[in-house]
> 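Encoded as structure tokens, here's the structure I'll be asking about.
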Amino acid sequence: MPMPIEIQGLNKDQVNFVWSEESNDIWPARVLRLRCTCAYCKSEDTGERLIVDDEIPLDITVTDMHLVGNYGIGIHFSDGHTTGIYRFAALQSKS
């Protein structure tokens with residue numbers, strides 16, 4: 001299971017996941033917010049997205065981050081959204 005050695009992005013509009021000295025992935029905060037799969041953003045019954053892209057601010061930033069076990073990160077966004085969990089396996093590029 002991938003685990004970053006460093007995560008940078010607090011109060012920024014992107015998050016940098018450093019996997020090793022040679023490998024990192026940079027995710028724009030807005031893209032992460034749009035990928036949220038929590039029950040507020042994605043229907044648990046149908047899998048349908050419940051958020052509308054146009055409702056997410058273009059200038060959204062990360063206001064807080066916390067590890068969730070050894071598998072993911074919880075990210076709080078400047079639009080007030082705080083309930084998403086992002087799995088490291090889905091954030092690490094396979095290139």
Side-chain angles (χ1 to χ4, degrees):
M1 170 130 2
M3 179 78 169
I5 57 173
E6 187 174 0
I7 303 169
Q8 306 160 341
L10 194 57
N11 298 315
K12 297 188 185 289
D13 63 356
Q14 63 185 18
V15 181
N16 182 23
F17 295 91
V18 180
W19 307 105
S20 69
E21 288 186 23
E22 300 84 32
S23 175
N24 72 302
D25 289 298
I26 298 174
W27 287 86
R30 189 168 189 274
V31 171
L32 290 170
R33 176 66 179 88
L34 290 168
R35 289 175 53 112
C36 184
T37 60
C38 79
Y40 293 111
C41 296
K42 186 175 181 180
S43 171
E44 293 180 26
D45 294 328
T46 67
E48 176 186 358
R49 286 188 56 197
L50 302 175
I51 59 173
V52 177
D53 291 7
D54 292 344
E55 294 176 357
I56 306 301
L58 295 174
D59 62 350
I60 196 166
T61 60
V62 173
T63 60
D64 193 25
M65 295 184 285
H66 61 277
L67 291 177
V68 178
N70 289 326
Y71 68 91
I73 186 168
I75 300 177
H76 297 196
F77 295 96
S78 58
D79 69 348
H81 189 70
T82 63
T83 56
I85 296 174
Y86 300 83
R87 294 179 176 273
F88 294 135
L91 296 171
Q92 186 177 28
S93 68
K94 304 300 184 211
S95 56

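Computed from heavy atoms alone, side chains included, the values below leave out hydrogens, waters and symmetry copies.
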> Using the ring pair (Phe, Tyr, Trp, His ring centres under 6.0 Å) rule, collect all pairs that involve residues 39-69, keeping only residues at least two apart or in two chains.
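For residues 39-69, and leaving out neighbouring residues, the ring pair (Phe, Tyr, Trp, His ring centres under 6.0 Å) pairs sorted by first residue read His66-His76.
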> What residues, two or more places apart in sequence or in another chain, satisfy side chain to side chain contact (heavy atoms under 4.5 Å, CB included) together with Ser23?
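Residues passing side chain to side chain contact (heavy atoms under 4.5 Å, CB included) with Ser23: Trp19, Ser20.
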> My understanding is that only residues two or more places apart in sequence, or in another chain, count here; which of them pass salt bridge (Lys or Arg N to Asp or Glu O under 4.0 Å) with Asp59?
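With neighbours one apart ignored, the set is empty.
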> What heavy-atom pair brings Leu67 and Met3 nearest, and what distance separates the two atoms?
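In terms of heavy atoms, the two residues are closest at CD1-CE, 4.2 Å.
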> Using the side-chain hydrogen bond (donor to acceptor under 3.5 Å, both in side chains) criterion, which residues pair with Arg35? Sequence neighbours excluded.
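Expected list: none.
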> Given a cutoff of under 4.5 Å between side-chain heavy atoms of I, L, V, M, F, W and Y, with clusters grown through shared members, what are the other residues clustered with Val18?
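Direct or chained contacts put Val18 with Ile5.
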> If the condition is side chain to side chain contact (heavy atoms under 4.5 Å, CB included), which residues does Asp45 pass it with, not counting sequence neighbours?
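Listed in chain order: Ser43.
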> Could you note down all residue pairs passing salt bridge (Lys or Arg N to Asp or Glu O under 4.0 Å) where residues 60-77 supplies at least one of them, sequence neighbours left out?
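Counting only pairs at least two positions apart or across chains, no salt bridge (Lys or Arg N to Asp or Glu O under 4.0 Å) contact touches residues 60-77.
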> Using the ring-ring contact (aromatic ring centres under 6.0 Å, His included) criterion, which residues pair with His81? Sequence neighbours excluded.
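ring-ring contact (aromatic ring centres under 6.0 Å, His included) list for His81, sorted by chain: empty.
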> As an exercise, state the distance from CD of Glu48 to SG of Cys41, rounded to the nearest 0.5 Å.
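Going from CD on Glu48 over to SG on Cys41, the span is 12.5 Å.
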> For a 4.5 angstrom cut-off between non-hydrogen side-chain atoms, does Leu32 reach Ile60?
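When only atoms from C-beta onward are counted, Ile60 and Leu32 do not touch, as no gap falls below 4.5 Å.
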> Would you compute the distance between atom CH2 of Trp27 and atom CZ of Phe17 and round it to the nearest 0.5 angstrom?
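If we round to the nearest 0.5 Å, Trp27:CH2 and Phe17:CZ are 8.5 Å apart.
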> Can you tell me which residue pairs pass the salt bridge (Lys or Arg N to Asp or Glu O under 4.0 Å) test with a partner in residues 73-84, sequence neighbours excluded?
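Pairs touching residues 73-84 that pass the test: Arg33-Asp79.
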> Ala39 and Leu50: which non-hydrogen atoms are nearest, and at how many Å?
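Closest approach of Ala39 to Leu50: O-CD1, 3.6 Å.
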> How long is the straight-line distance from CD1 of Ile56 back to SG of Cys36, given to the nearest 0.5 Å?
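It comes to 9.0 Å.
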> Side-chain donor-acceptor pairs under 3.5 Å in residues 7-15, sequence neighbours left out?
| unit_1 | atom_1 | unit_2 | atom_2 | d |
| --- | --- | --- | --- | --- |
| Gln8 | OE1 | Asn16 | ND2 | 3.0 |
| Gln8 | NE2 | Glu6 | OE2 | 2.8 |

> Are Ile26 and Val31 joined in one hydrophobic group, where the rule is that I, L, V, M, F, W and Y side chains link up if heavy atoms are under 4.5 Å apart?
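The answer is no; the residues belong to distinct hydrophobic clusters.
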> Name all residues meeting the salt bridge (Lys or Arg N to Asp or Glu O under 4.0 Å) criterion together with Arg87; count only those two or more places apart in sequence or in a different chain, and write none if there are none.
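Listed in chain order: nothing, the list is empty.
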> Under the criterion side-chain contact (heavy atoms from CB on, under 4.5 Å), I'd like the reasoning laid out for Asp25 against Phe88: C-alpha separation, chi angles, the key distance, then a yes or no.
CA-CA 11 Å; Asp25 289 298; Phe88 294 135; over 6 Å; no
